Protein chains: 2
Amino acid sequence: MATGRTHRPATRSRGIPEATVARLPLYLRALTALSERSVPTVSSEELATAAGVNSAKLRKDFSYLGSYGTRGVGYDVEYLVYQISRELGLTQDWPVVIVGIGNLGAALANYGGFASRGFRVAALIDADPAMAGKPVAGLPVRHTDELEAIITDNGVSIGVIATPAGAAQQVCDRLVAAGVTSILNFAPTVLSVPEGVDVRKVDLSIELQILAFHEQRKAGEDAAQTTAATPPRVPRTAGGGRKGPDGDVPAVMPA
Amino acid sequence: MATGRTHRPATRSRGIPEATVARLPLYLRALTALSERSVPTVSSEELATAAGVNSAKLRKDFSYLGSYGTRGVGYDVEYLVYQISRELGLTQDWPVVIVGIGNLGAALANYGGFASRGFRVAALIDADPAMAGKPVAGLPVRHTDELEAIITDNGVSIGVIATPAGAAQQVCDRLVAAGVTSILNFAPTVLSVPEGVDVRKVDLSIELQILAFHEQRKAGEDAAQTTAATPPRVPRTAGGGRKGPDGDVPAVMPA
DNA sequence: TTGTGTGAAAGGATTCACAGCA
DNA sequence: TGCTGTGAATCCTTTCACACAA
């Protein structure tokens, strides 16, 4: 998941493991819920359960941030909310742009979770001239031509790509050229970016495929599958060079 | 722990690492693209680049599936597509239901990536009676009352939850009770499920928060941040028990 | 010669288990 | 007494480097 980042632990002990960083938002959410219920303190056990992890992991994670707990008592909810928010950089507001206002882009624009957690949608951008000016989630859609100006004028450093796969790399290039250094990519493509730019990917069909793998596993628990003890060594180098018409390799996934 | 796990017991090499499984869809996508361009073979180097990983990792990953390459040549594209599809369980069609047809649910319903990769949207389900019957992505929205019937009638084992956070656990419980054993959760909640049920989570705001963390890091590269070498040990146990009114802990994240 | 397949080494992440502090 | 904070052990993942097949 984590986009290849060549870690250079230059500056002292600034080394929170990537796996820990990925869980901080989880803790933050659980803590925010507790905070709203005015719960003053929480133990690692309780918080871990609320966040869906185990308590040893949680304590180890927190140990990278500092010693914010009280032995025999637990953690002060408000204090932890603040510390984690600060660590994640959420005490400042991040303006983001969303490019590609199709179904998904519109869904993202309407997603409340952004605004409430340190992010502000600075603009919605789409390539379709017919979309321009149309209000989506209270914001008028802007045309792609304005992309560069929007980025610079708003000091945007985080961009969300929700375009079709074909347009993603081009949009990415323009975002980066205009100054964006973090990209959240929903298009099913591998983006290539220069050093120093972070890309995170969310891929809906990949998640489903992973589920399918485990699902298949469950189904074939007793009924020994095709590949039980015999590795499917198919003699594909039969006569000539390439492969027979079809019969050796089933035609899956019709384009 | 069980001693006979690391050995070479009866069932041969039944153990594809989770990290590898998570990358198989990536390879599959890259291979499908090559297949569409009628490229007959690829090297680990080329395919790795296309998939956004390094070649050593890719070769190691493939080694868990079997020896599907040809030394000195590379991999047969069609053959690999088939093998990976089979491994992921995509040679069969998986009926899925999407629950919660708001912005996101509609986006998912319209997402082409599902249908083309072994998944079939069996039904769209929403709790709003006003939605019932409305066509979304060519399918009529069904009411939540029908959930159980839909699951059993279609033999659905994979469910997608795109409801608001508040409804997610309840929907999850009903899905599981009706026979669903894999869930893709888009709601920002931790779902609790019985043993044997897989849950994968996609959380939009979490991804952004992880980006923000790295973004902040970049910004503070030279301008030594608040927390440079001094751990922010705040003397929060001042006089009484709890914390002072406010002034110690800044009020971040206004609900 | 070329590029796969894979032991072995290195690096992370998770879990254990318990000392130590409130 | 109760729960945090953390070395140490374990497990998982990635990378290295090279034997070996085509």
Side-chain angles (χ1 to χ4, degrees), chain A residues 1-9 13 15-24 26-27 40-49 51-77 79-80 83 231 233 235-238 240-241, chain B residues 1-3 5-8 13 15-24 26-27 40-49 51-77 79-80 83 231 233 235-242:
Chain A
M1 294 350 176
T3 320
R5 277 261 298 164
T6 342
H7 273 306
R8 206 111 316 210
S13 63
I16 302 181
E18 195 53 38
T20 295
V21 172
R23 279 188 296 266
L24 291 182
L26 247 61
Y27 303 142
T41 59
V42 66
S43 69
S44 64
E45 194 66 60
E46 294 165 324
L47 183 54
T49 303
V53 303
N54 69 52
S55 63
K57 198 185 287 182
L58 178 143
R59 287 202 304 279
K60 181 61 100 179
D61 283 342
F62 285 0
S63 79
Y64 293 116
L65 308 185
S67 294
Y68 294 154
T70 305
R71 292 173 195 233
V73 178
Y75 302 92
D76 182 291
V77 171
Y79 187 65
L80 247 195
Q83 290 299 345
R233 284 267 51 187
R236 65 192 186 293
T237 320
Chain B
M1 306 309 151
T3 328
R5 171 66 186 92
T6 338
H7 274 347
R8 206 128 309 166
S13 57
I16 301 181
E18 195 53 39
T20 295
V21 172
R23 280 187 295 266
L24 291 181
L26 248 59
Y27 303 142
T41 58
V42 283
S43 69
S44 64
E45 195 66 58
E46 295 166 324
L47 183 54
T49 303
V53 303
N54 69 52
S55 62
K57 199 185 286 182
L58 178 143
R59 288 204 302 281
K60 181 61 100 180
D61 282 343
F62 285 0
S63 80
Y64 293 116
L65 308 184
S67 294
Y68 295 153
T70 306
R71 293 178 192 224
V73 178
Y75 300 92
D76 182 292
V77 172
Y79 186 65
L80 247 194
Q83 289 298 346
R233 284 268 50 190
R236 65 194 187 292
T237 320
R242 284 296 323 295

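Because the structure is predicted, anything quoted here is derived from the model rather than measured. By convention in this document, chain letters (A, B, ...) are assigned in the order of the sequence lines, proteins followed by strands, and residues within each chain are numbered from 1.
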How long is the line joining [atom1] of [X] and [atom2] of [N], in whole Å?
{"X": "B:Leu58", "N": "D:dC16", "atom1": "CG", "atom2": "C1'", "result": "16 Å"}
{"X": "A:Leu65", "N": "D:dT6", "atom1": "CG", "atom2": "C1'", "result": "14 Å"}
{"X": "A:Tyr68", "N": "D:dG5", "atom1": "OH", "atom2": "C1'", "result": "14 Å"}
{"X": "A:Ile16", "N": "C:dA13", "atom1": "CD1", "atom2": "P", "result": "12 Å"}
{"X": "A:Glu45", "N": "D:dG5", "atom1": "CD", "atom2": "P", "result": "15 Å"}
{"X": "A:Arg23", "N": "C:dG12", "atom1": "CZ", "atom2": "P", "result": "15 Å"}
{"X": "A:Leu47", "N": "D:dG2", "atom1": "CG", "atom2": "C1'", "result": "17 Å"}
{"X": "A:Glu46", "N": "D:dC3", "atom1": "CD", "atom2": "C1'", "result": "11 Å"}

Closest listed nucleotide, where the reference is the side chain of A:Thr70 and the choices are C:dA22, D:dT13, C:dT6
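Ranking C:dA22, D:dT13, C:dT6 by closest atom to the A:Thr70 side chain puts C:dA22 first.
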Between C:dG5, D:dT15, C:dA13, spot the one nearest the side chain of B:Asn54, thanks.
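The answer is D:dT15, which lies nearest to the side chain.
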Using OP1 and OP2 only, check whether a side-chain N or O of B:Tyr64 sits under 4.0 Å from D:dT13.
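For B:Tyr64, the contact criterion (side-chain N or O under 4.0 Å from OP1 or OP2 of D:dT13) is not met.
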With a 4.0 Å cutoff (strictly under), does any side-chain N or O of B:Tyr75 reach OP1 or OP2 of C:dG5?
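Checking B:Tyr75 against C:dG5: at least one side-chain N or O falls below 4.0 Å of OP1 or OP2.
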Close side-chain approach of B:Thr41 to B:Thr70, heavy-atom, < 4.5 Å
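No; the side chains remain at least 4.5 Å from each other.
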If we only count heavy atoms from C-beta on, is the A:Asp61 to A:Val53 side-chain gap below 4.5 Å?
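Not in contact.
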With sequence neighbours left out, what residues match B:Thr49 under side-chain hydrogen bond (donor to acceptor under 3.5 Å, both in side chains)?
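Once residues adjacent in sequence are excluded, B:Thr49 has no partner under the side-chain hydrogen bond (donor to acceptor under 3.5 Å, both in side chains) criterion.
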Return the CD1 to CG distance between B:Ile16 and B:Leu65, rounded to the nearest 0.5 Å.
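These two atoms lie 5.0 Å from each other.
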Pairwise distance CG(B:Leu58) to OH(B:Tyr27) - rounded to 0.5 angstrom
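Atom-to-atom, B:Leu58:CG and B:Tyr27:OH are 4.5 Å apart.
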Tell me if the centroids of the rings in A:Phe62 and A:Tyr68 come within less than 6.0 Å of each other.
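That pair fails the under 6.0 Å test.
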What pair of heavy atoms forms the shortest contact from B:Tyr75 to B:Ser43, and how long is it?
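Minimum heavy-atom contact is CD1-C, 4.5 Å.
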Shortest non-hydrogen contact from A:Lys57 to A:Asn54?
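For A:Lys57 versus A:Asn54, the nearest heavy atoms are N-OD1, 2.9 Å.
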By nearest nucleotide on DNA chain C, pick out whichever of B:Ser43 and A:Lys57 is the more 5' one.
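Its nearest nucleotide lies further toward 5', so the answer is B:Ser43.
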Comparing A:Ala56 and A:Val73 on DNA chain C - which has the more 5′ nearest nucleotide
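Final value for this comparison: A:Ala56.
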Identify whether any heavy atom of B:Phe62 sits under 4.0 Å from a base atom; if not, whether one sits that close to sugar-phosphate; answer base, sugar-phosphate or nothing.
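Result for B:Phe62 = nothing.
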Polar atom pairs between nucleotides 7-9 of chain C and protein, under 3.5 Å, N or O only, would you list them?
from	atom 1	to	atom 2	distance (Å)
C:dG7	N7	B:Lys60	NZ	3.4

Every protein N/O lying under 3.5 Å from an N/O of nucleotides 18-20 of chain C:
from	atom 1	to	atom 2	distance (Å)
C:dG20	N3	A:Arg71	NH1	3.3

